[in-house]
Amino acid sequence: MKWIAHIEGCPKRVNHAAVAVNHKIYSFGGFSTGEDCRGYSSMDVHVLNTHTNRWFKHPVSDLPYFENDDILPYRRYGHTAVVYKNNIYIWGGRNDREACSVIFKFDTFWHCWMAPPITGSVPRPRDGHSACIWKNYMFIFGGYEEETDSFAKQVFYLDLDKLHWSYAICDGCELNEEPTQRDFHTTVCINDRIYLFGGRGTTFLNNQYVENYCNEVWYLDMKSFDWHHCRATGDIPVGRRSNSAFVHNGKMYVFGGYNAVEEKHYNDLHMFDPETNVWKLIKPQGKSPCERRRQACSKVGDKVYFFGGTSPIIMKSDDEQIEPGHDGLIDHSDMHILDLNPSLKSLCLVAVRRYKLNCRELPKSLREELYHLRAPNKITVNRPCNSAG
């Protein structure tokens with residue numbers, strides 16, 4: 001594994017949601033410091049062409065919300081996105097006024113939004129939940145419910161063919177165990193199991209609620225709807241929230257996140273093997289991203305793209321001070337690319353850039369690849385054709 005690129009000029013977003021469709025990555029919503037989190041405007045959509053590493057702002061971002069509020073999601077954070085049959089489904093999330101429980105579909109062929117009619121037991125509005133696909137179902141777990149002012153406990157699933165909501169009857173394992181309630185965790189689907197890691201919960205201690213961060217791994221058996229606790233060993237990561245997770249070769253990888261009890265952000269990468277229940281700390285070659293949380297990540301082929309998020313401000317000297325009223329965090333507009341299986345060609349391109357070698361004699365196609373690995377992005381508004389390719 002190797003970190004092969006760090007590109008600036010990407011969408012500055014935190015708590016956004018992103019998924020990959022073919023060779024493109026679609027990023028939805030989120031906010032950055034100083035932006036209006038109470039108003040209602042159309043959710044912005046940014047698209048990355050992974051062939052060129054160039055971002056553009058999708059034209060649907062500029063559609064007027066109040067003229068199309070029956071089909072357009074308003075801009076939000078803490079929502080989720082999943083892909084099914086090249087359509088992207090957005091659910092949940094909130095602005096600073098309210099949370100949402102409407103399912104929205106983004107058609108990547110016609111490049112349009114719709115809010116299809118839904119039946120069944122619709123979950124309460126929430127944010128900070130997780131969502132993943134198993135067969136033709138979208139499963140959601142956890143998050144913070146707007147109506148009950150508490151963490152959600154029930155697992156819900158949406159049949160994306162019938163557009164019908166149901167909730168899972170989770171009986172737990174033989175000891176009737178189940179994961180604690182939480183938000184801003186991650187879930188991934190491996191075979192017929194949904195694996196859960198991280199998140200923020202609360203414990204009632206000394207007549208008050210205090211935050212806690214679980215570092216246990218749980219999985220939900222999709223055939224029986226039973227929860228199981230994985231008795232993990234190895235390089236077990238510290239509990240955290242707002243981390244990223246992805247699957248590669250049947251294993252779960254976890255990157256970054258934040259633990260408020262420790263007051264620490266992370267940029268470590270851990271791998272969990274569900275066959276052995278063993279964690280391993282992974283140290284890819286190259287320069288890793290700085291510590292951060294609330295970033296998004298998407299995997300395309302053997303490459304994983306991490307972008308956005310927020311980090312603590314690092315003072316350059318002891319004389320510097322954070323301005324009054326500032327939370328001490330900085331939002332990122334960069335993107336890091338992790339190559340999980342770098343080819344000889346990729347390694348050579350990285351070496352050319354690292355050692356500042358003369359590339360004038362290289363073929364034009366290779367010079368273009370070098371450019372796309374290092375040149376800052378400049379977001380433009382493009383009007384794509386009717387194709388997901």
Side-chain angles (χ1 to χ4, degrees), residues 15-21 25-31 40-47 58 60-61 63 65-95 97-148 151-168 183-189 194 220 222 296 298 388:
N15 276 346
H16 43 310
V19 290
V21 180
I25 294 175
Y26 293 77
S27 177
F28 299 88
F31 284 93
Y40 290 90
S41 59
S42 301
M43 177 181 286
D44 56 334
V45 181
H46 290 89
V47 184
H58 200 287
V60 299
S61 304
L63 292 175
Y65 173 74
F66 285 109
E67 295 178 13
N68 303 273
D69 59 0
D70 56 338
I71 60 171
L72 284 179
Y74 59 80
R75 195 166 163 192
R76 64 194 63 192
Y77 54 87
H79 50 292
T80 51
V82 299
V83 179
Y84 180 65
K85 294 182 177 179
N86 285 349
N87 292 313
I88 301 171
Y89 293 86
I90 302 290
W91 191 82
R94 62 172 300 121
N95 60 16
R97 291 188 179 184
E98 63 175 344
C100 183
S101 63
V102 178
I103 189 78
F104 292 95
K105 182 172 79 169
F106 184 79
D107 189 314
T108 60
F109 182 83
W110 294 107
H111 306 283
C112 63
W113 283 109
M114 60 187 72
I118 300 294
T119 60
S121 303
V122 179
R124 293 188 180 97
R126 68 190 68 185
D127 72 297
H129 57 287
S130 63
C132 57
I133 288 288
W134 178 73
K135 296 184 177 180
N136 59 307
Y137 301 97
M138 177 184 75
F139 278 78
I140 65 167
F141 171 77
Y144 203 79
E145 290 183 350
E146 172 84 357
E147 296 177 10
T148 64
F151 293 109
K153 181 177 181 180
Q154 188 70 58
V155 177
F156 285 83
Y157 57 96
L158 175 65
D159 186 325
L160 294 172
D161 288 329
K162 299 179 180 178
L163 295 176
H164 182 83
W165 278 106
S166 303
Y167 59 88
D183 65 358
F184 293 105
H185 51 285
T186 51
T187 52
V188 299
C189 188
I194 292 179
L220 180 66
M222 307 311 297
S298 290

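Residue indices begin at 1 and follow the sequence shown.
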Contacts of Glu67 meeting salt bridge (charged side-chain N to carboxylate O under 4.0 Å, His left out) (sequence neighbours excluded), chain-then-number -> none
Kindly write out the residues that satisfy salt bridge (charged side-chain N to carboxylate O under 4.0 Å, His left out) with Lys153, not counting sequence neighbours, or none if the list is empty.
-> Glu178
Rounded to the nearest 0.5 Å, what separation is found between the SG atom of Cys132 and the OH atom of Tyr137?
-> 14.5 Å
Which heavy atom in Gly78 sits nearest to a heavy atom in Phe184, and how many Å separate them?
-> CA-CE2, 4.3 Å
Using salt bridge (charged side-chain N to carboxylate O under 4.0 Å, His left out) as the criterion, list what pairs up with Asp127, not counting sequence neighbours.
-> none
Rounded to the nearest 0.5 Å, what's the gap from CD1 on Ile103 to CD1 on Ile140? Could you check?
-> 8.5 Å
Could you tell me the separation between the CD atom of Glu147 and the CD atom of Glu98, rounded to the nearest 0.5 Å?
-> 11.0 Å
Can you name the nearest heavy-atom pair linking Ser101 to Pro123, along with the distance?
-> CB-O, 3.5 Å
Does the side chain of His185 come under 3.5 Å of the side chain of Ser130 through a donor N or O and an acceptor N or O?
-> yes
Side-chain donor/acceptor of Arg75 to backbone N/O of Gly30, under 3.5 Å = yes
Verify side chain to side chain contact (heavy atoms under 4.5 Å, CB included) between Val45 and Trp113, making sure each step is shown before the conclusion.
-> CA-CA 11 Å; Val45 181; Trp113 283 109; 3.9 Å; yes
Can you find a pair of side-chain heavy atoms, one from Phe151 and one from Asp183, that are under 4.5 Å apart?
-> yes
Using a 4.5 Å cut-off on heavy atoms from C-beta on, say whether the side chain of Leu163 contacts that of Thr119.
-> no
How long is the span from the CE atom in Met114 to the CG atom in Asn68, to the nearest 0.5 Å?
-> 13.0 Å
Taking all heavy atoms of Cys189 and all of Trp134, pick out the closest pair and write down the distance.
-> SG-CD1, 3.7 Å
Are any of the side-chain heavy atoms of Arg124 and Glu146 separated by less than 4.5 Å?
-> no
Apply side chain to side chain contact (heavy atoms under 4.5 Å, CB included) to Arg126 and Trp91, showing your working.
-> CA-CA 9 Å; Arg126 68 190 68 185; Trp91 191 82; 3.6 Å; yes
Start with the C-alpha distance between Thr187 and Leu220, add both sets of side-chain angles, then the distance that settles side chain to side chain contact (heavy atoms under 4.5 Å, CB included), and finish with yes or no.
-> CA-CA 10 Å; Thr187 52; Leu220 180 66; over 6 Å; no
Quick one: CZ on Phe28 to NE2 on His46, what's the gap to the nearest 0.5 Å?
-> 11.5 Å
With side chain to side chain contact (heavy atoms under 4.5 Å, CB included) as the test, would you mind laying out the steps for Asn15 and Phe31 before giving the verdict?
-> CA-CA 7 Å; Asn15 276 346; Phe31 284 93; over 6 Å; no
Please check if atom OH in Tyr65 has more than 12 non-hydrogen atoms from other residues, nucleotides or ligands closer than 6.0 Å.
-> yes
Between His58 and Phe106, is the ring centre distance below 6.0 Å?
-> yes
For the residue pair His16 and Ala296, what are the closest heavy atoms and their distance?
-> NE2-CB, 3.4 Å
What's the spacing between Trp165 CH2 and Ile118 CD1 if we round to 0.5 Å?
-> 7.5 Å
Ionic contact status for Lys135 with Asp161, cut-off 4.0 Å = no
List the atom of Gly92, the atom of His79, and the distance in Å for their closest heavy-atom pair.
-> O-CB, 3.3 Å
Do you know which two heavy atoms are closest between Val83 and Ala20, and how far apart they sit?
-> CG2-O, 3.7 Å
